[in-house]
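Structure, as structure tokens:
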Amino acid sequence: MKRKGIITALMVCLIIGWVAKAGAHFGMIIPSDDIISQEDSKTITLNVMFSHPMEGQYMEMEKPKKFGVRIGKRNVDLLGTLKAKKGKGPGQTKYFTWWQATYKIKRPGDYIFYVEPKPYWEPAEDCYIIHYTKVCINALGLEQGWDEEIGLETEIVPLTRPYGLWTGNLFTGIVKVKGKPVPYAEIEVEYYNKDGRVKPPADPYITQVIKADENGVFSYAMPKAGWWGFAALNEATWTIKGPDGKDKPVEIGAVFWVRTRDMR
């Protein structure tokens, strides 16, 4: 498919997707804690999902292509630690697959966990979705490594330390594709409404939408304690054959999760 055709198809799939579902798709890695102190358990649990976070809706997720952690200037493969789980959200009649892993912290530093999922076929949007997702955990007081790049197809590189954040703090990051900043990238922001207590008064409150500047840099002030996801969406330069045998556009998302806490 020629580039003009790809762009047209992607625009159509995004429009259809918005009509079909107000909430956005988000890759997710939610750890049991984001800061590990000397007194804490050194074993953490990580939930790896594909969902609509604000609405609590699961989507089926195959076993990822890659899952790992960056620590000490190197990437460590953790794919074999993933175990399949089942869950369903409010109003969902069937169970969907998500994944869980445990990891034992062995030394101080920043641990950046990441996942590259297999392409997700979204028939309602007539396109594939791949969300390259990251989360950072700090361990034992050594704040070193949180701004390192993994080397993913696309990723958000934090310019704000992505832990130790109070409610209302500004999170700033830079959107990159193939290691280069993306000017004026669009970023979707959602709150992980795990317990369903937040009731959005209208669809635009489900997914916040912001844009990066000419250098690919964006900022957002998080108004509530909990986990917040940032998904920078771009079009891949390549296509994937769809179920009908035709080339389909691919939405690549750079996703980063951060946690905020209220001052008490």
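Both backbone and side-chain heavy atoms feed into the values below; hydrogens, waters and symmetry mates do not. Everything numeric in this text was worked out from a predicted model, so none of it was measured.
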Test item: Leu140 and Gln38 side chains (from C-beta on) under 4.5 Å apart, heavy atoms
yes
Let me check something: do Tyr120 and Val115 share a hydrophobic cluster, defined by ILVMFWY side-chain heavy atoms less than 4.5 Å apart, either directly or through other members?
yes
When you measure from the side chain of Glu155 to the backbone of Gly151, do you find a donor-acceptor pair of N or O atoms at a distance under 3.5 Å?
yes
Other residues, nucleotides, ligands: >12 heavy atoms within 6.0 Å of Lys194 NZ:
no
Heavy-atom donor-acceptor pair, His52 side chain to Ala24 backbone, under 3.5 Å
yes
Is it the case that one hydrophobic cluster holds both Ile187 and Tyr205, taking links as side-chain heavy atoms less than 4.5 Å apart, direct or via other members?
no
What are the two closest non-hydrogen atoms of Gly164 and Asn169, and how far apart are they?
O-OD1, 4.4 Å
Decide yes or no on side chain to side chain donor-acceptor pair (under 3.5 Å) for Thr207 and Glu190, but give the supporting numbers first.
CA-CA 5 Å; Thr207 307; Glu190 280 204 22; 2.5 Å; yes
Could you walk me through whether Thr97 and Lys86 satisfy the side chain to side chain donor-acceptor pair (under 3.5 Å) test, starting with their C-alpha distance in whole Å, then the side-chain angles of each, then the deciding distance to 0.1 Å, before giving a yes or no?
CA-CA 5 Å; Thr97 304; Lys86 293 287 185 178; 2.7 Å; yes
How far does CG of Leu79 sit from CZ of Phe67, to the nearest 0.5 angstrom?
8.5 Å
Validation row: Arg70, Glu148 side chains within 4.5 angstrom (heavy atoms):
yes
I want to check something: taking the side chain as every heavy atom from C-beta on, are Ile105 and Arg107 in contact at a cut-off of under 4.5 Å?
no
Would a distance-only check, ignoring hydrogens and angles, find a side-chain to backbone donor-acceptor pair under 3.5 Å from Asp34 to Val258?
no
Anything under 30° is parallel, anything over 60° is perpendicular, the rest tilted; go ahead and classify Phe171 against Phe230.
tilted
Tyr58 side chain to Met49 main-chain N or O, any donor-acceptor pair under 3.5 Å?
no
Do Tyr95 and Lys88 come within less than 4.5 Å of each other through their side chains, counting heavy atoms only?
yes
Looking at Asp40, is its backbone amide N or carbonyl O close enough to the side chain of Lys42 to form a donor-acceptor pair, meaning the two atoms are under 3.5 Å apart?
yes
Do the side chain of Asn193 and the main chain of Val198 share a donor and acceptor less than 3.5 angstrom apart?
yes
Heavy atoms from other residues, nucleotides or ligands near NZ of Lys63 exceed 12 (cutoff 6.0 Å)
yes
Is there a chain of hydrophobic side chains (I, L, V, M, F, W, Y, each step under 4.5 Å between heavy atoms) that links Phe96 to Phe26?
yes
Do the non-hydrogen side-chain atoms of Pro200 and Met54 ever get within less than 4.5 Å of each other?
yes
Is the shortest side-chain heavy-atom distance between Trp121 and Pro243 below 4.5 Å?
yes
SB check Asp33 Arg259 (cutoff 4.0 Å)
yes
Please tell me whether His131 and His25 form a close aromatic pair, meaning their ring centres lie under 6.0 Å apart.
no
Side-chain touch Trp146/Ile112, heavy atoms, less than 4.5 angstrom:
no
Nearest 0.5 angstrom please: Ile35 CD1 to Arg261 CZ, how far?
5.5 Å
Summary of side chain to side chain donor-acceptor pair (under 3.5 Å) pairs that have at least one residue in residues 209-223, sequence neighbours excluded
Thr172-Ser219
Keeping Trp257 on the side-chain end and Gly27 on the backbone end, is there a donor-acceptor pair under 3.5 Å?
yes
Indicate if Ile252 and Ile156 have the same hydrophobic cluster label, given that clusters are the connected sets of ILVMFWY residues with side-chain heavy-atom separations under 4.5 angstrom.
yes
Between Ile30 and Leu46, is any pair of side-chain heavy atoms under 4.5 Å apart?
no
Cation-pi check for Tyr132 against Lys134: NZ or CZ below 6.0 Å from the six-membered ring centre and within 45 degrees of the axis, yes or no?
no
Criterion side chain to side chain donor-acceptor pair (under 3.5 Å) on Gln144 and Asp110, from CA distance to verdict
CA-CA 6 Å; Gln144 183 175 305; Asp110 290 329; over 6 Å; no
Transitively linked via ILVMFWY side-chain contacts under 4.5 Å: Phe50 with Val250?
no
dist Phe113:CZ -> Ile71:CD1 (nearest 0.5 Å) comes out at 8.5 Å
Donor-acceptor contact below 3.5 Å, side chain Glu251 vs main chain Cys127:
no
Could you tell me the separation between the CD atom of Glu125 and the NZ atom of Lys248, rounded to the nearest 0.5 Å?
12.5 Å
